[in-house]
Amino acid sequence: MPDAETPPRADALRNRELLIKVARHAVAELGLGVSVNEIVRRAGLGQATFYRRFASREELLSAVLGDVLDEVQDGLRRAAEADPAQGLRDALRLLVEHQARHRGLFELLNDQPGAAAEAHADGQARVREQLRHIGERAQEAGAMHPDARWQDLPFLAGSLAATSSSCLGIDADDDLTDRLLGTVLAGLRAGAARA
């Protein structure tokens, strides 16, 4: 391992980023059980390179989770700058997409508390704070019922993200998520108007 004071070489940084990117796609496709062998094969690297960049598969998964949380924070930051109703829609859409695409990573964070939850406590706190801000702005603007709570937003998104590709013999079409999201948002607005 290089000395802690020595900055990593450019090729070492590229390999690290490549492993994170490849692992992110592999986990989305194969789930959390994806092996180091599969990740390095897809990256076109050797195991020695992997272990120079990461101490374990769990450390790589934690880096991937951090990458996803950073992306969510960036998206929520943009949503918070939009009109409150549009910001609410953008925030829910972002959460739905990320929870659907990275279900295993969110399960690692939420269903198996431990090292991953501890390592990403600050990132989770920032996401919660952004959601609080977006939800409160939406309520003030009448885009969300006053009885709804900003804490409900990730659960709504999680429910939409869990939609299967088929139910009762009916195949989901490409617009299903948008229709369901529109229905949820219309319900939140209608409830706000009645209140």
Working note: L156 + V96, criterion side chain to side chain contact (heavy atoms under 4.5 Å, CB included); need CA distance, chi angles, decisive distance, verdict.
CA-CA 8 Å; L156 283 172; V96 168; over 6 Å; no
Taking all heavy atoms of [X] and all of [Y], pick out the closest pair and write down the distance.
X    : Y    : value
G135 : M144 : O-CE, 3.8 Å
L153 : L92  : O-CD2, 3.5 Å
Q73  : Q130 : O-NE2, 3.1 Å
P154 : L95  : CA-CD1, 4.2 Å
L76  : A91  : CD2-CB, 3.6 Å

Test R42 against E29 for salt bridge (charged side-chain N to carboxylate O under 4.0 Å, His left out), laying out the working first.
CA-CA 12 Å; R42 288 179 178 213; E29 182 184 334; 3.1 Å; yes
Using a 3.5 Å distance criterion without hydrogens, assess whether the side chain of [X] forms a donor-acceptor pair with backbone atoms of [Y].
X    : Y    : result
Q139 : P146 : yes
R137 : A80  : yes
D178 : D175 : no
T183 : R179 : yes
S62  : E58  : no

Answer yes or no: is there a side-chain heavy-atom contact under 4.5 Å between [X] and [Y]?
X    : Y    : answer
V127 : Q124 : no
F54  : I20  : yes
R24  : E71  : yes
L181 : R93  : yes

Just to verify, which of H98, Q99, E97 counts as forming a side-chain contact (heavy atoms from CB on, under 4.5 Å) with V72?
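When side-chain contact (heavy atoms from CB on, under 4.5 Å) is applied between V72 and each of H98, Q99, E97, only H98 qualifies.
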[atom2] on [Y] to [atom1] on [X], rounded to 0.5 Å:
X    : Y    : atom1 : atom2 : result
S35  : I39  : OG    : CD1   : 7.0 Å
E129 : I134 : CD    : CD1   : 10.5 Å
D152 : H145 : CG    : NE2   : 11.5 Å
L131 : L88  : CG    : CG    : 9.5 Å

Charged N-O contact under 4.0 Å between [X] and [Y]:
X    : Y    : result
R14  : E17  : no
R132 : E136 : yes
D90  : R78  : no
R57  : E38  : no

Apply side chain to side chain contact (heavy atoms under 4.5 Å, CB included) to residues V184 and L180 and explain how you reach the verdict.
CA-CA 6 Å; V184 166; L180 293 176; 5.6 Å; no
Between L30 and V64, is there shared hydrophobic-cluster membership here, with clusters defined by ILVMFWY side-chain heavy atoms closer than 4.5 Å?
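Yes, L30 connects to V64 through the hydrophobic network.
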Cluster link F155 to W150, ILVMFWY, side chain under 4.5 Å:
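F155 and W150: separate clusters.
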Derivation and outcome, side chain to side chain contact (heavy atoms under 4.5 Å, CB included), residues N15 and F50:
CA-CA 8 Å; N15 286 340; F50 175 87; over 6 Å; no
From CA spacing to verdict: salt bridge (charged side-chain N to carboxylate O under 4.0 Å, His left out), R77, E81
CA-CA 7 Å; R77 196 173 302 113; E81 294 169 357; over 6 Å; no
